[in-house]
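Here's the structure we're looking at; comments come further down.
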Amino acid sequence: MPIERYNAAEAESRWQKVWDERGIFATPNTNLSKKYYVLEMFPYPSGRIHMGHVRNYAMGDVVARFKRATGHSVLHPMGWDAFGMPAENAAMERKVHPKAWTYQNIAAMKAQLKSMGLSLDWSRELATCDPSYYKHQQKMFLDFLRVGLVERKQSKVNWDPVDQTVLANEQVIDGRGWRSGAPVEQRELTQWFFAITKFAQPLLAALETLDRWPEKVRLMQKNWIGRSEGLLVRFALDPKTTPDGESELEIFTTRPDTLFGAKFMALSPDHPLAQAAAKKNPALAEFIAECKRHGTAQEIIDKAEKLGFDTGIKAVHPFDPSWTLPVYVANFILMDYGTGAIFGCPAHDQRDLDFVNKYGLGVTPVVCPPEQAPRSFVITNTAYEGDGRMINSRFLDGMTPAQAREDVARRLENEKRGDRPVAQRQVNYRLRDWGISRQRYWGCPIPVIHCAACGVVPVLEKDLPVTLPEDVTFDRPGNPLDHHPTWKNVSCPQCGGPGRRETDTMDTFVDSSWYFVRFTDPKNAAEPDDPKIADAWMPVDQYIGGIEHAILHLLYSRFFTRAMKQTGHVGIDEPFAGLFTQGMVVHETYSRQNGDWVSPAEVTIELEGETRRARLSTTNEPIVIGPIEKMSKSKRNTVDPDEIISAYGADVARWFMLSDSPPDRDVEWTERGVQGAARFVQRLWRLVGEAGEIGHGAPAARPAQFSPPALALRKATHKALANVGDAVEKLHFNVCVAHIYEFANTLNEVIGDADSEDGSVATDFTWAMREAADVLVQLFAPMMPHLAEECWATLGHDTLVAQAPWPAVERNLLIEDTITLPVQVNGRKRAEVIVPRDAANAQIEAAVLALDAVQKALDGKSPKKVIVVPQRIVNVVA
RNA sequence: GCCCGUGUGGCGGAAUGGCAGACGCAAUCGACUCAAAAUCGAUCGCCGCAAGGCAUGGGGGUUCGACUCCCUCCACGGGCACCA
């Protein structure tokens, strides 16, 4: 009987409806002893999903469905990272309200996601722009404020001149705003900060415990936090050369061992001593002003030449009162790292070397590389930053730099000036506090009120949430909240006098720093916001998303979770136990002769011998095939998931996304690959149909005995089951796909053999065939759930495969009675030998040496040694 | 500049220190067809008629045995970048 083609379009919407009606993916907050929380990074509602989303959510869905089948209570929710600039841009460009624009986009994208057949619990859907979401965020802000994790301080900030808002350090990439791409300027503003630096050490230390995170991400965070251990050293200043009120200069160094190589001191232009000295020195004041002028744009700082100005002040060397060092103001010293002052040792620091070479201050090497004679060791243009032995350093001579560092630290710690030690050990971090104030409308309002009498006053908890006004205008630059005629005018909660509402909103990265906790609380919970429920679900067992969030989102979320713990919102430290960073979806680029990009949909590819040629489908104009790049609107090399799904079905899109490349690498979207996936869908459909027919009459009870062909089939079935299960656990979806292909090929051969035998089929074989068909369907069900349901139904099941438990692997079927061992002679394969599984090594050795091929390879020589690796290989050494 | 990762057929890639190239894509030949598509069968790392040899970026090392471990060089990709 011919089998009809599988109609994806019809079947997919039908099964989606069944899943929906039966509510099988809704997760109750009960029975959490075996819980599994799988989460994909939630999308920004830009309006349409792209192939990156398809890849991300396909992976998460495989994990969710697999874990559900293996008996876990699975939480797999979806929501919307809904605040942000694009909504305001749309408002400015198209006169749509950001809220309307956002919710339209959410509706459109939700429909797209639904068409993918994802096993999501939509009852927990959330949008961060919803007051019922951000009221919790405002509450947490106030809790953080109370315990000192939120601070208000004046500081130099990164100002994005295009978006007219402040950016966090993490949001400045190559000196440009992460969103606008405009060169970032430095401005001095009073801003709200999350005190992420208070957790610098725990955030760093806990990276060691995140053993299910990619090494790369942990390293990136480690470098970003940037811990360095060093010494704070107080240098006395020569009073004759020093402005009134100043008597010493404190510096931070990680290389106290090089103290005898010091040639100068350098101050940041913002350093108080520099400012004090500038008051009496107009030339110095001008130099500092010049530094600041140059310092407005990050790009200029990056390229600036090292410049210094001698203040005339002299600092006294801590080990020699007669040795003084000139104090410079230098443009490359940062005020907000260490103390904003350094001592310069040119021999062993490239920047310092460049500086002394410019100003002629001399070089004395103090660390001599191994196997180099101290007398002949000279530094000219390249500083030596390696290890060795101390030279020219008095009592340190002969020590290693590590020993010298310890010796210097101990001596200066024990020496007092005034009532304090001259030096103390200090740990410094590169990490800066997280500035969250944004001068924008479409974000979470910061719930404080400014009062002339009382200062900054928190909004009362009963007045939360502070909601955004809807009647705002976007017809001029700046913050629409600030322009609003009445919104900011409120009375002070403390004194009742006139107050002004804070008009800054929070960085949208705050919204995404805790959404994973919010999902644990279903809307209809008896006790909303019960920390016990959050703790029962948290941490996220498997988090999946792009590597681009390695620092920003993932570090903020780690901080936020700790802050939530400190304020009693959760009981855990780390939000994501397992993290997987998937690769990008890439595609060939196409362009016309004049350089205009052309989308793949407009191009026809032809093969001319070995070379592929592209033409514009409409006019036959020749098209240049460009490099394979990340799908982007600007290069127009995108493929619309909607079009793929309507042409081939969601299962095909999902399958191809999972099949071609390892999930952490980039995958190239190709038409050929999609067609291959589509062919395989039809092949599986036919194969399951045929296997189902053979297995149709099988007895319900499992036969006591299996004939050799039936046993062989069962072995293949259980091997596939074990292999696919292992591969899914490791998220090796491409390997998983390969094993499914392999099993499908085997099953196809077995069916072919059974057909050719023509006649009645033994019942044990029909039973094994039915088992094989069931298992095959279950194996691909997490990846192609619609096809799987359709196949499952044709196999006569009245249950849903989405709810079927994962079959148990019968381990005894994986063990072979006889094994084929490869035989090597001197490491080169010469033969194979078939031996019983439990054969003794001596027995195997004898069998191997009797082989003709082995004797021939030995060529009359007698073997020196025979290495038998049980179950693996035999190697004869001659 | 510093740190990290990657390198395997025409392509994507597989391989607890144990048969390199599973599986897929592409290609070639054949069957079916009036023809095409679909489907099915065969071939498919390189050299060689073959026997055999050579092959996991290059070179060296450890090992009975190395894609896998170590050293070194090269290429590509990524992160950080006046952080003292």
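Naming: A, B, ... by sequence-line order, numbering from 1 per chain.
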Between [N] and [M], how far apart are the two [atom1] atoms, rounded to whole Å?
N: B:U68; M: B:C23; atom1: P; value: 24 Å
N: B:A27; M: B:A37; atom1: P; value: 11 Å
N: B:C54; M: B:A66; atom1: P; value: 13 Å

Kindly point out which of [options] is positioned nearest to the side chain of [X]?
X: A:N734; options: B:A14, B:G79, B:C54; answer: B:A14
X: A:Y337; options: B:A81, B:C40, B:C83; answer: B:C83
X: A:R679; options: B:C83, B:C19, B:A38; answer: B:A38

Taking the six-membered ring for Trp, are [X] and [Y] ring centroids under 6.0 Å apart?
X: A:F343; Y: A:H317; value: no
X: A:F355; Y: A:Y328; value: yes
X: A:F780; Y: A:W655; value: no

- Task: Toss me the dot-bracket line for RNA chain B: Watson-Crick and G-U wobble, both under 3.5 Å, 5' to 3', using | for pairs to another strand and [ ] for crossers.
- Result: (((((((..(((.....[....))).(((((.......))))).(((....)))..(((((..]....))))))))))))....
- Quick one: A:E668 CD to B:G10 C1', roughly how many Å, whole number?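 Nearest whole value for this atom pair: 13 Å.
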- Item | Integer-rounded Å distance: B:G78 C1' and A:R665 CZ |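 Value for this atom pair: 14 Å.
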- Task: Check whether the side chains of A:N223 and A:Q221 place a donor and an acceptor atom closer than 3.5 Å, and report yes or no.
- Result: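 Note: A:N223 and A:Q221 side chains miss the donor-acceptor criterion.
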- Item | Under 3.5 Å side-chain donor-acceptor pair for A:E749 and A:N745 |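 Absent: no donor and acceptor within the cut-off.
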- Query: Which atom names give the shortest non-hydrogen contact between A:A341 and A:I333, and what distance separates them?
  - Reply: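 Reported closest heavy-atom pair: N-CG2, 4.1 Å.
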- Item | Any N/O donor-acceptor pair, A:K864 side-chain to B:C64 base, under 3.5 Å |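 Answer is no: no donor-acceptor pair is held.
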- Message: If the glycosidic angle sits within 90 degrees of zero it is syn, else anti. Tell me which applies to B:G17.
- Response: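 Nucleotide B:G17 adopts anti.
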